[in-house]
Amino acid sequence: MFRTAATLALVALVALVAIRIVAGVAGGILGLLIGVAWLLVKLLIVAGIVYFVLTIVAPETARKVRDRFSGGPTI
């Protein structure tokens, strides 16, 4: 009886440790992905602001940049 209870407790303890390890790794990966996504959003905002200023200051250059990235005709 005691041996069965001890075995059950040991299995539960191993399962708890395994769950904590898996949750820690998954949480770290999720945190890393969220951090990278946030960095990309910031870069996209900065690029949008730069492009907006470029369209006001130098419309021809903005048109060249747009054609370059959209795959339009390059002349």
Side-chain angles (χ1 to χ4, degrees):
M1 181 78 168
F2 177 73
R3 194 166 143 188
T4 304
T7 304
L8 185 60
L10 184 63
V11 169
L13 185 63
V14 169
L16 181 64
V17 169
I19 287 172
R20 285 195 175 200
I21 290 172
V22 169
V25 170
I29 291 172
L30 182 63
L32 183 65
L33 289 176
I34 289 173
V36 169
W38 184 243
L39 177 65
L40 290 176
V41 167
K42 288 180 184 179
L43 289 173
L44 185 62
I45 290 171
V46 169
I49 291 171
V50 168
Y51 180 74
F52 178 71
V53 170
L54 191 63
T55 57
I56 293 172
V57 174
E60 184 61 32
T61 305
R63 188 173 301 114
K64 288 179 184 178
V65 169
R66 184 177 55 242
D67 288 342
R68 172 81 179 211
F69 285 105
S70 68
T74 57
I75 295 174

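Worth knowing before you read on, the calculation uses all heavy atoms, side chains too, and leaves out hydrogens, waters and symmetry mates. What you see is a predicted model, and the numbers here were worked out from it, not measured in a lab.
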Participant: Which heavy atom of A62 sits nearest a heavy atom of T55, and at what distance?
Facilitator: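 Looks like CB-CG2, 3.6 Å.
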
Participant: Rounded to the nearest 0.5 Å, what's the gap from CG on L33 to CD1 on I29? Could you check?
Facilitator: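 Between atom CG of L33 and atom CD1 of I29 there are 7.5 Å.
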
Participant: Can you measure from CG (L54) to NZ (K64) and round to the nearest 0.5 angstrom?
Facilitator: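 The NZ atom of K64 is 11.0 Å from CG of L54, to the nearest 0.5 Å.
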
Participant: Roughly how far, to the nearest 0.5 Å, is the CG atom of L44 from the CD1 atom of I49?
Facilitator: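 Rounded to the nearest 0.5 Å, the CD1-CG separation comes out at 10.0 Å.
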
Participant: Counting only heavy atoms not in Y51 (residues, nucleotides, ligands), do more than 12 fall under 6.0 Å from its OH?
Facilitator: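 For Y51, atom OH is crowded (more than 12 foreign heavy atoms under 6.0 Å).
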
Participant: Working to the nearest 0.5 angstrom, can you tell me the gap between L13 CG and L16 CG?
Facilitator: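 With rounding to 0.5 Å, CG (L13) is 6.5 Å from CG (L16).
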
